[in-house]
Amino acid sequence: MIPKRAKETIEEKQKRIKSIFTRLKKIYPDAKIALHHSNPLELLVGTILSAQCTDQRVNIVTKELFKRYKSVQEYASANKNELEQVIRSTGFYRAKAKNIINCCKTIIEKHNGKIPDTMESLVQLPGVGRKTANVILNGAFNKSEGVVVDTHVKRLSDRLGLTRQTDPEKIEQDLMTLIPKRDWIITGNLFIWHGRNICQARKPKCPDCPINDLCPSAESYMQSFKN
């Protein structure tokens, strides 16, 4: 279990988060969603494909995918076997192909072929949970209804002592309580970029981390590297 910072008041934790964000915004001024897309539909499909897959791999796959399928109608009427072969390298391709097709059918039936722009409507689509919905709202519509919680955000939130929860939706609620709504969109982007570059899962680069003095886990990690 990663050691936690001595108990903080909510106000102290909010002050620390503010300092964390100030530094990370300077380091990652262009932090944004890494999935390549040019419209809400492409972002929706890319995000479904990103489950248990790297964004880099998804971007390789969607380069070809987006040439073949350009509309909700084309995905809805796609041959499942053919779609599976195009997205095969993203893993879990059978389930993902099924979700993409059914998701687009639902969009046609219930939303006149337009990607919905509310959390309530998005989470009712096949293959779309809160994380995916938040990515769509943030990246396609610039709307803040929550915080994206992927594996990077989950890991950083724990190491930074921002939550004791392990369930993504409970982590999201803790973050929404601590972080001003104006920063909900940037939270996911900053944490994801920092997680990829510095706060990696197996061996975080704590000595090089610009927020190590604000992190309750950094000292123990750096000590373990010396042993």
Side-chain angles (χ1 to χ4, degrees), residues 1-37 43 47 50 54-56 117 119 122 129-222:
M1 183 68 181
I2 296 171
K4 302 294 182 182
R5 174 179 291 263
K7 189 173 182 180
E8 297 172 289
T9 64
I10 291 179
E11 291 75 16
E12 289 172 335
K13 191 171 291 187
Q14 289 173 329
K15 184 177 180 180
R16 183 162 61 90
I17 292 173
K18 184 177 180 180
S19 297
I20 289 170
F21 274 32
T22 297
R23 295 186 196 179
L24 292 183
K25 286 176 181 178
K26 290 180 180 178
I27 298 167
Y28 310 109
D30 300 318
K32 59 183 179 181
I33 295 170
L35 294 171
H36 297 168
H37 65 282
L43 182 56
T47 307
S50 70
T54 66
D55 289 347
Q56 183 180 20
D117 62 355
M119 176 67 72
L122 284 167
R130 278 195 67 91
K131 189 204 85 170
T132 297
N134 274 318
V135 171
I136 305 306
L137 291 171
N138 294 356
F141 301 109
N142 197 35
K143 286 189 172 184
S144 298
E145 290 194 35
V147 176
V148 172
V149 178
D150 74 344
T151 55
H152 296 291
V153 177
K154 181 178 179 180
R155 182 173 67 254
L156 265 70
S157 297
D158 178 59
R159 288 176 175 173
L160 288 169
L162 305 182
T163 183
R164 293 181 180 274
Q165 302 295 335
T166 57
D167 176 77
E169 291 194 15
K170 292 181 179 179
I171 292 172
E172 181 186 6
Q173 292 303 313
D174 280 352
L175 294 177
M176 290 166 66
T177 298
L178 292 169
I179 298 168
K181 187 173 183 178
R182 66 177 181 273
D183 284 329
W184 286 357
I185 291 178
I186 196 66
T187 297
N189 293 334
L190 290 175
F191 280 14
I192 289 169
W193 280 53
H194 194 61
R196 287 177 180 147
N197 288 284
I198 300 293
C199 197
Q200 298 163 354
R202 294 187 178 181
K203 191 172 182 180
K205 303 174 183 177
C206 297
D208 302 321
C209 180
I211 57 171
N212 58 21
D213 59 315
L214 298 169
C215 177
S217 303
E219 184 176 352
S220 62
Y221 270 110
M222 287 191 282

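Because the structure is predicted, anything quoted here is derived from the model rather than measured. Residue numbers count from 1 along this sequence.
Panel note: side chain Lys32, backbone Asn189; no donor-acceptor pair is recorded below 3.5 Å. A donor-acceptor pair is defined here as one N or O able to donate and one able to accept, closer than 3.5 Å; such a pair exists between the side chain of Arg23 and the backbone of Pro210.
Residues satisfying the side-chain hydrogen bond (donor to acceptor under 3.5 Å, both in side chains) test with Asp167, not counting sequence neighbours, are none. Residues passing the side-chain hydrogen bond (donor to acceptor under 3.5 Å, both in side chains) test with Lys170, sequence neighbours excluded: none. Partners of Asp150 under the salt bridge (Lys or Arg N to Asp or Glu O under 4.0 Å) rule, at least two apart in sequence or in another chain, do not exist in this structure. Annotation: salt bridge (Lys or Arg N to Asp or Glu O under 4.0 Å) contacts of Asp55 (sequence neighbours excluded): Arg196. Partners of Lys181 under the side-chain hydrogen bond (donor to acceptor under 3.5 Å, both in side chains) rule, at least two apart in sequence or in another chain, do not exist in this structure. The side chain to side chain contact (heavy atoms under 4.5 Å, CB included) search around Lys143 returns Asp117, Leu137, Phe141, not counting sequence neighbours.
The minimum heavy-atom distance between Gly195 and Arg155, with the atom names listed, is O-NH2, 3.4 Å. Residues Val147 and Met176 share a closest heavy-atom pair of CG2-CG, 3.9 Å. For Leu43 against Ala140, the heavy-atom pair with the smallest separation is CD2-N, 3.7 Å. When all heavy atoms of Ser19 and Leu214 are compared, the closest pair comes out as CB-CD1, 3.8 Å. Residues Gly161 and Arg16 come closest through the heavy atom pair O-NH2, 3.9 Å. Looking at every heavy atom in both residues, Gln14 comes nearest to Thr177 through NE2-O, 3.7 Å.
No side-chain heavy atom of Glu145 sits under 4.5 Å from any side-chain heavy atom of Leu122. No side-chain heavy atom of Cys206 sits less than 4.5 Å from a side-chain heavy atom of Arg159. Side-chain contact between Asp174 and Ser157: absent, with no pair of heavy atoms (C-beta onward) separated by less than 4.5 Å. Contact annotation: the side chain of Lys25 approaches that of Asp183 to within less than 4.5 Å [non-hydrogen atoms, C-beta and beyond]. Between Asn138 and Trp184 there is no side-chain heavy-atom pair separated by less than 4.5 Å. Looking at heavy atoms from C-beta onward, Lys205 lies out of side-chain contact with Asn197 at the 4.5 angstrom threshold. Two residues are said to be in side-chain contact when any heavy atoms from C-beta on lie closer than 4.5 Å; Val149 and Lys131 fail this criterion. Looking at heavy atoms from C-beta onward, Leu160 lies in side-chain contact with Ile211 at the 4.5 angstrom threshold.
Atom CG of Leu156 sits about 15.0 Å away from atom CH2 of Trp193, to the nearest 0.5 Å. Here Asp213 contributes atom CG and Ile20 contributes atom CD1; the two are 9.0 Å apart, rounded to the nearest 0.5 Å. Rounded to the nearest 0.5 Å, atoms OG (Ser50) and CD1 (Ile33) are 10.0 Å apart. The NZ atom of Lys18 lies 13.5 Å from the CD1 atom of Ile179; values are rounded to the nearest 0.5 Å. The distance from atom CG of Leu175 to atom CG of Leu162, rounded to the nearest 0.5 Å, is 6.0 Å. Here the CG atom belonging to Leu190 is positioned 13.5 Å from the NE2 atom belonging to His152, to the nearest 0.5 angstrom.
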